[in-house]
Amino acid sequence: MGECVDVKRDGAIARVVMHRKGNNAIAEDLMQELAAAFTELGDDPSARVIVLASEYEKYFSVGADLTMLGSIDRGAPDAADQMASFMQRMNGYFSVIERCPKPVVAAINGHALGGGSELTLCCDFRIMVEDGRSRIGQTESSLGIIPGAGGTQRLPRLIGKARALRYIIESTRLSAKEAEAVGWVDQAVAPDELAAAVDQRAAKLAKAATFAIAMIKDAVRRGYDLPLDEALEVEARNFARAALSDDAAIGIMSFLAKQEPEYTGR
């Protein structure tokens, strides 16, 4: 139990639940606790899948805690360096979530704006409530700033450069259905269906060959921007690691025996 984050276990499913000051505004205390939780769960073989959720009914995360911007002396000679250093540190916390070897599902139960949207972009699956109210968006430009925790980089990679650029420039806020239509979220579900949809996805992933999933995530992340020959080398190395895993032996033997595999994540 932390000041901003709780970790709740349900068998192989771990739930990382945010509860910072009523709306989960993104600040260093929240991100430190999230990074610590994801590091611990990433190293825990008994945790097969992670759900990132909010304790608050209306908010997943409303974006950056803007009081942070006021803590830096704008007139200082090194003000830009201070700000850049802060964001580099924050990006390190976000990257811990993105690089977690376990499959990660974002349960978006309310607004996910600015840094809150960037948080969901670090997850592998995004399931969002369609309640006529909740919105997702990179809304920083409406405040005269820009996304600083991956929004200008991860969103174009997810939904395409032209569409992402337009949404970021215009600070567009999308409903779950609108976000689903462009691939920003994977599922848009009614409020009374959100918990079941998240549980169903998490349960399915928890039974999967999670070591292979870790190798897939790593290969896609490291190989995406490499020349093809170099990316294929990353894939080949990760293929070898997966093929020599316990899960591969279980999967192949189960296939030959026409049985359902019981993977261990090793």
Side-chain angles (χ1 to χ4, degrees), residues 5 7-17 31-53 91-108 118-127 149-150 153-154 157-158 183 185-187 197-255 259-266:
V5 171
V7 176
K8 303 176 182 180
R9 300 295 295 266
D10 180 12
I13 301 171
R15 301 180 190 276
V16 178
V17 183
M31 293 311 303
Q32 283 179 332
E33 288 193 28
L34 284 174
F38 274 85
T39 298
E40 181 176 344
L41 293 170
D43 292 337
D44 183 351
S46 68
R48 305 292 303 282
V49 61
I50 303 170
V51 174
L52 178 59
N91 266 302
Y93 303 136
F94 279 80
S95 293
V96 169
I97 299 171
E98 181 179 46
R99 297 178 183 185
C100 180
K102 308 299 172 63
V104 181
V105 180
I108 310 170
E118 290 172 312
L119 200 54
T120 73
L121 294 174
C122 294
C123 302
D124 304 307
F125 300 91
R126 286 160 290 278
I127 302 176
Q153 302 305 309
R154 293 188 179 100
R157 285 166 168 78
L158 181 66
V185 303
D186 300 288
Q187 285 179 265
V198 171
D199 288 348
Q200 183 179 30
R201 180 64 60 99
K204 182 178 180 179
L205 290 167
K207 294 180 180 179
T210 47
F211 185 81
I213 290 174
M215 293 298 96
I216 291 167
K217 290 180 62 171
D218 180 73
V220 171
R221 180 182 61 81
R222 291 197 292 130
Y224 190 83
D225 290 318
L226 292 176
L228 181 58
D229 287 348
E230 294 178 34
L232 290 173
E233 178 62 23
V234 172
E235 182 181 83
R237 292 291 180 182
N238 282 19
F239 175 86
R241 294 176 65 187
L244 294 173
S245 69
D246 291 347
D247 274 357
I250 292 169
I252 293 169
M253 287 189 293
S254 297
F255 175 79
Q259 298 175 341
E260 285 294 318
E262 296 184 7
Y263 292 117
T264 66
R266 297 177 175 88

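Both backbone and side-chain heavy atoms feed into the values below; hydrogens, waters and symmetry mates do not.
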Heavy-atom pair of closest approach, residues [X] and [Y]:
| X | Y | answer |
| --- | --- | --- |
| V96 | A35 | CG1-O, 3.5 Å |
| V16 | V5 | CG1-CG1, 3.5 Å |
| A208 | I213 | CB-CD1, 3.8 Å |
| V7 | A37 | CG2-CB, 3.9 Å |
| A202 | V51 | CB-CG2, 4.0 Å |

Once rounded to the nearest 0.5 Å, what's the spacing between atom [atom1] of [X] and atom [atom2] of [Y]?
| X | Y | atom1 | atom2 | result |
| --- | --- | --- | --- | --- |
| R201 | D124 | CZ | CG | 10.5 Å |
| I250 | T264 | CD1 | OG1 | 4.5 Å |
| F38 | C123 | CZ | SG | 6.0 Å |
| N91 | E118 | CG | CD | 7.5 Å |
| L52 | R126 | CG | CZ | 11.5 Å |
| I127 | T120 | CD1 | OG1 | 12.0 Å |

**Message:** A quick test of your reading: do over 12 heavy atoms of other residues, nucleotides or ligands sit less than 6.0 Å from CD of Q259?
**Reply:** yes
**Message:** side-chain contact (heavy atoms from CB on, under 4.5 Å), that's the test. Do Q153 and L121 meet it? Break it down for me.
**Reply:** CA-CA 10 Å; Q153 302 305 309; L121 294 174; over 6 Å; no
**Message:** side-chain contact (heavy atoms from CB on, under 4.5 Å), that's the test. Do L34 and L119 meet it? Break it down for me.
**Reply:** CA-CA 10 Å; L34 284 174; L119 200 54; 4.1 Å; yes
**Request:** Answer yes or no: is there a side-chain heavy-atom contact under 4.5 Å between K207 and E260?
**Result:** no
**Item:** Note, I97 side chain near M31 side chain (heavy atom, < 4.5 Å)
**Value:** yes
Listed pairs under 3.5 Å, donor-acceptor, residues 98-107 side chains, sequence neighbours left out:
| residue | atom | partner | partner atom | Å |
| --- | --- | --- | --- | --- |
| E98 | OE1 | R154 | NE | 3.4 |
| E98 | OE1 | R154 | NH2 | 2.9 |
| E98 | OE2 | R154 | NE | 3.0 |
| K102 | NZ | L41 | O | 3.0 |
| K102 | NZ | D44 | O | 2.6 |
| K102 | NZ | A47 | O | 2.6 |

Listing, residues 237-246 side-chain donor-acceptor contacts under 3.5 Å, not counting sequence neighbours, or none:
| residue | atom | partner | partner atom | Å |
| --- | --- | --- | --- | --- |
| R237 | NE | E233 | OE2 | 3.0 |
| N238 | ND2 | M215 | O | 3.0 |
| N238 | ND2 | D218 | OD2 | 2.9 |
| S245 | OG | A242 | O | 2.6 |
| S245 | OG | A248 | N | 3.2 |

